[in-house]
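The structure displayed is predicted, hence computed values, not measured ones.
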Amino acid sequence: QVQLVESGGGLVQPGGSLRLSCTASGFTLRHYTIAWYRQVPGKQREGVSCIAGNSGEGSYYADSVTGRFTISRASADDTVYLQMNNLKPEDTGVYYCAADIRGGPCRVEVRTLFSYWGQGTQVTVSS
């Protein structure tokens, strides 16, 4: 059974940092394009970052997180990380990782390309 699992969310003060992790069972993440999306109540799910599959060339960041978030892969444990620094209250939401099994360039604007989704991890930025 294919499953994505996110971890690393929590409560952090503005200016703080968190590192989210995305792991998988049933397939190998490194072959696939992996994206992080953010869901805020009442708003559409937003793609915040993505890393292309296979060679891992190519990545994407939403304007709102550029310079603060970094997406990366760890081959040793087949994990995709989202390092989030200088967090702001507007970064609050449920963060989901998603896999595009085509393994091609990031196309976060087309959510239907992402076949597999995790259950999400809550990130709350508040003082």
Heavy atoms of other groups near Arg107 CZ, more than 12 under 6.0 Å: no
Residue pair Tyr32, Tyr116: steps toward the ring-ring contact (aromatic ring centres under 6.0 Å, His included) verdict: CA-CA 11 Å; Tyr32 303 135; Tyr116 299 104; 7.8 Å; no
Side chain to side chain contact (heavy atoms under 4.5 Å, CB included) evaluation trace for Ile101 with Phe27: CA-CA 10 Å; Ile101 63 174; Phe27 65 87; 5.6 Å; no
Heavy-atom pair of closest approach, residues Ala52 and Gly104: CB-O, 3.7 Å
Test of ring centre spacing under 6.0 Å for Trp117 and Tyr37: yes
Single-linkage hydrophobic cluster Val48~Leu29, side-chain heavy atoms < 4.5 angstrom: yes
Any donor-acceptor N/O pair, Arg38 side chain to Val123 backbone, under 3.5 Å: no
Polar side-chain atom of Ser115 near backbone of Asp100 as donor-acceptor pair, under 3.5 Å: no
Closest non-hydrogen atom pair, Val12 against Gly16: CG2-CA, 3.7 Å
Donor-acceptor under 3.5 Å (Thr23 side chain, Thr79 main chain): no
Nearest-0.5 Å distance that lies between atom CZ in Arg19 and atom OG1 in Thr70: 12.0 Å
CD-CG distance between Gln83 and Leu18, expressed to the nearest 0.5 angstrom: 8.5 Å
Straight-line distance of Tyr95 OH to Ser7 OG, nearest 0.5 Å: 15.0 Å
CA sep, side-chain torsions, deciding dist, call: Arg73, Ile34, side chain to side chain contact (heavy atoms under 4.5 Å, CB included): CA-CA 9 Å; Arg73 292 183 187 269; Ile34 304 298; 4.1 Å; yes
Co-membership, hydrophobic cluster, residues Leu4 and Ile51, 4.5 Å side-chain: yes
Ser59 and Cys106, any side-chain heavy atoms less than 4.5 Å apart: no
same_hphob_cluster(Val108, Tyr61) at 4.5 Å side-chain heavy-atom cutoff: no
CD (Gln122) with more than 12 external heavy atoms under 6.0 Å: yes
Working for side chain to side chain contact (heavy atoms under 4.5 Å, CB included), residues Ser25 and Gln1: CA-CA 7 Å; Ser25 60; Gln1 182 180 359; over 6 Å; no
Single-linkage hydrophobic cluster, 4.5 Å side-chain cutoff, Val80 and Leu113 together: no
Atom CD of Glu109: over 12 foreign heavy atoms under 6.0 Å: yes
Approximate separation, where rounding is to 0.5 Å, of Ser49 OG and Leu20 CG: 10.5 Å
Shortest non-hydrogen separation from Gln39 to Gln44 and the atoms involved: NE2-C, 4.0 Å
Asp63 atom CG: more than 12 heavy-atom contacts under 6.0 Å: no
Side chain to side chain contact (heavy atoms under 4.5 Å, CB included) evaluation trace for Cys50 with Thr33: CA-CA 7 Å; Cys50 178; Thr33 298; 3.4 Å; yes
Check: Gly120 main-chain N/O paired with Glu6 side-chain donor or acceptor under 3.5 Å: yes
Common cluster, Tyr96/Leu82, ILVMFWY with side-chain heavy-atom separation under 4.5 Å: no
Nearest heavy-atom neighbours spanning Arg68 and Asp91: NH1-OD2, 2.7 Å
Pro14 to Ser126 - nearest heavy-atom pair and separation: CD-C, 3.6 Å
